[in-house]
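Structure record follows, encoded as structure tokens.
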Amino acid sequence: MARSTSLSGFAEWLPAERLVELHMLDTLREVFERHGFSSLESRAVETLETLLQKGEVDKEIYAVSRLQEELAEDAAPKKDGRLALRFDNTVPFARYVVENAGHLNFPFRRHQIQKVWRGERPQDGRYREFTQADIDVVGDGELPFRADVEIAVVIAQALDSMPIGEFHLRINNRKLAQGFYTALGLEDTTAVLRGIDKLEKIGPERVAEDLKTTAGATDEQARKALALAQIRTEDTSFVDQVRALTEGLTGDTALLEEGLAELEELIAEVGKRVPGRAVADLSIARGLDYYTGTVYETVLVGHENLGSICSGGRYESLASKGRRTFPGVGISIGVTRLVARVLSSEMATATRSVPAAVYVALRTEEDWGAAQDVADQLRSRGINAEVALKAEKFGRQIRHADRRGIPFVWFTDEEGNHEVKDIRSGEQTAADPATWTPADDDMLPRIVESV
RNA sequence: GUGGGUGUAGCUCAGCUGGUAGAGCAUCGCGUUGUGGUCGCGAGGGUCGCGGGUUCAAGCCCCGUCACUCACCCCA
């Protein structure tokens, strides 16, 4: 069902596919708002400097310019104030928080479901234009760790209510990992993290090699770092496993203990509130370097090749304004990636491709006004109706409705008697436009999950 | 950006050693003249991605180019 598009990396859906996407977007908004996250939309463009600040990640950014300005002969190339499309929702949000700090109440929680753009090479599940659904909680100066727990709970519930089958929220804590490396005597903890991040892709042998060359690890240090990364539990038993590994370590373990306590609390709470979804997975590192504590990543069971469909984490300094800093914790769902996979593997489909429940047939060209009156009577009672544009043979009009999945065709004869035909059973009965109502299941297109 | 694969009808794809461009599905029409789906018969639909070269002759061979796609990098 999901087709490739003429412009690679820019997904455009057919009507029935769009309904699946809409359903997922609606569900996300509903769940987010149920947990008190306000909706927010930020502008599509940011200044280039804003986008380039964060973490110095070399994102593929689309710049935006005015054609007239470019064409002007004497236009000196301006560097400052150049505009570019946002590549995620976190950076614009950070800018928004700083700009509006005086009007917001902290801790501030918001959701933001918007398109973002990246000029990367498109691939299966990778788009140049795609929708991200973010939730973040941001504090003024400090933000209780509980927010990390809540983010995981909300996102697990949101994913739970979408037609995507089983998923695993894989959670780690950077304090734990970095604290462990420090205790081990490894100085360059970011290099170690980067190496560990490749574990799933290139395997333990090559990671060990990598750790020795790029992070200056000894055989024993590499072995222990890998052993830590291989810990994965659905309950808090990882704590004992980590402790077994740290026995006899002489370095400073304060940071390690802090991370361990945080992850333990998180796994315990999420396990209680949304059972079976969260796993402590000590191999999760995340590429971005601004995460400072909890890190989240999510895989669809059976679709591991798709990569993460949802990830995020805690950052001690989302933004700063003078001496104020705003710590935050957030997570983002790759909606387009998810929708594409739901469509291509037919995890969910729409019951029909159009909103209309009733197709009002036209007996003669002169009857159009009367047919619209019938349709209006239905519409005023919340029943979506469409009137035929031409008085074609009834067979054609029925076929037109059939092809779009419209379940009912309405007929009015020359005496003004009304009949409605259920296109699936072929049954046709007398009906009153003022009172007739379709079955609940036929009112609107529904999204059905195929198991 | 680097490397591999693929470009033929709306879709999925055949096309032999270079010799007049095909099938299935879809669409449209008729059978059934204003109540669809099934069935039968028929019809329309092509810059063979684009440009050049070799040849009497190119969808096929050669060169270039573009697009799509997969992998790497990075990531939702």
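Residue numbers start from 1 in every chain, and the chains themselves are labelled A, B, ... in the order their sequence lines are given, proteins ahead of strands.
Here Y127(A) does not lie in a stacked arrangement on the base of A76(B), lacking the combination of planes under 30° and ring centres under 5.5 Å apart.
Shown here, G1(B) forms a base pair with C72(B); the pair counts as Watson-Crick or G-U wobble because both key distances fall under 3.5 Å. Checking G29(B) for Watson-Crick or G-U wobble geometry (two distances, each under 3.5 Å) identifies C41(B) as its partner. Pair check for A67(B) finds U6(B); Watson-Crick or G-U wobble, both atom distances under 3.5 Å. For A23(B), the paired nucleotide is U12(B), the pair qualifying as Watson-Crick or G-U wobble because both relevant distances are below 3.5 Å.
Between W410(A) and H418(A), the ring planes are tilted. Angles from 30° to 60° get that label.
Straight-line distance from the CG atom of D136(A) to the P atom of A76(B): 13 Å, rounded to whole Å. One can place OH of Y296(A) at 15 Å from P of A76(B), the figure rounded to the nearest angstrom. To the nearest angstrom, C1' of G36(B) lies 13 Å from CZ of R404(A). In this structure, E21(A) places its CD atom 14 Å from C1' of A76(B), rounding to the nearest Å. As rounded to whole Å, 17 Å separates atom P of C74(B) from atom CD1 of I61(A). A straight line from NE2 of H400(A) to P of U35(B) spans 18 Å, rounded to a whole angstrom. C70(B) atom P lies 14 Å from atom CD of E120(A), rounded to whole Å. Across the protein-nucleic acid pair, K393(A) atom NZ and G31(B) atom C1' stand 11 Å apart, rounded to whole Å.
The gap from the C1' atom of G22(B) to that of G46(B) amounts to 11 Å, rounded to the nearest Å. For the P atoms, the distance linking C60(B) with G49(B) amounts to 8 Å, nearest Å. Distance check on atom C1': A21(B) versus C48(B) gives 8 Å, rounded to whole Å. Comparing the same atom, P, in G51(B) and in G4(B) gives a spacing of 26 Å after rounding to whole Å. Atom P of U69(B) sits at a distance of 13 Å from the matching atom of U12(B), rounded to the whole Å. C13(B) and A26(B) have their C1' atoms separated by 14 Å, with the value rounded to a whole Å. With P as the reference atom, C25(B) and U20(B) are 26 Å apart, rounded to whole Å. Nucleotides G19(B) and G64(B) place their C1' atoms 27 Å apart, quoted to the nearest Å.
Counting any heavy atom pair closer than 4.0 Å across all strands shown, R128(A) reaches no nucleic acid atom. Contact annotation for L362(A): base contact, defined as any heavy-atom pair under 4.0 Å involving a base atom. As judged by a 4.0 angstrom heavy-atom cut-off over every strand, G426(A) is placed among the base-contacting residues. Nucleic acid contact class of I333(A) (heavy atoms, under 4.0 Å, all strands): none.
Taking a cutoff of 4.0 Å between a charged side-chain nitrogen and a carboxylate oxygen, E33(A) and R29(A) qualify as a salt bridge. A salt bridge links D160(A) with R277(A): at least one charged nitrogen is closer than 4.0 Å to a carboxylate oxygen. Ion pairing between a basic and an acidic side chain is recognised when a charged N comes within 4.0 Å of a carboxylate O; E150(A) and R109(A) show such pairing. D376(A) has a carboxylate O that lies under 4.0 Å from a charged side-chain N of R379(A), or vice versa, which qualifies the two as a salt bridge. We find that R126(A) and E120(A) are joined by a salt bridge, their nearest charged nitrogen and carboxylate oxygen being less than 4.0 Å apart.
Taking only side-chain nitrogens and oxygens, Q397(A) never comes nearer than 4.0 Å to OP1 or OP2 of G36(B). Contact between the side-chain N/O atoms of S8(A) and the OP1/OP2 oxygens of U69(B) is found at a separation under 4.0 Å. For the OP1/OP2 pair of U27(B) and a distance below 4.0 Å, the side-chain nitrogens and oxygens of R403(A) include at least one atom meeting the criterion.
Taking every side-chain heavy atom of I423(A) into account, G36(B) is the closest of A76(B), U69(B), G36(B). Comparing atom distances between the Q123(A) side chain and each of U35(B), C72(B), G36(B) picks out C72(B) as nearest. Nearest to the side-chain atoms of F411(A) among the listed nucleotides U35(B), C75(B), C74(B) stands U35(B). For R126(A), whose side chain is taken as the heavy atoms from C-beta onward, the closest listed nucleotide among C70(B), C73(B), U69(B) is C73(B). Out of C73(B), C28(B), U35(B), the shortest distance to the side chain of R396(A) is found at C28(B). Looking at the side chain of R118(A), the nearest of the listed nucleotides C70(B), C30(B), C75(B) is C75(B). Proximity note for R399(A) (side chain, C-beta onward) versus G29(B), C73(B), C30(B): the nearest is G29(B). The I398(A) side chain lies nearest to G36(B) when the options are U33(B), G29(B), G36(B).
Ranked by how close their nearest RNA chain B nucleotide is to the 5' end, E419(A) and T336(A) are led by E419(A). Heavy-atom distances to RNA chain B give each of D124(A) and V335(A) a nearest nucleotide, and the one nearer the 5′ end belongs to D124(A).
Between H111(A) and F32(A), the ring centre distance stays below 6.0 Å.
Scanning atom types as modelled, no donor and acceptor separated by under 3.5 angstrom connect the side chain of R121(A) and the base of C70(B).
Here CD of Q428(A) is found 5.5 Å from CZ of F411(A). Values are rounded to the nearest 0.5 Å.
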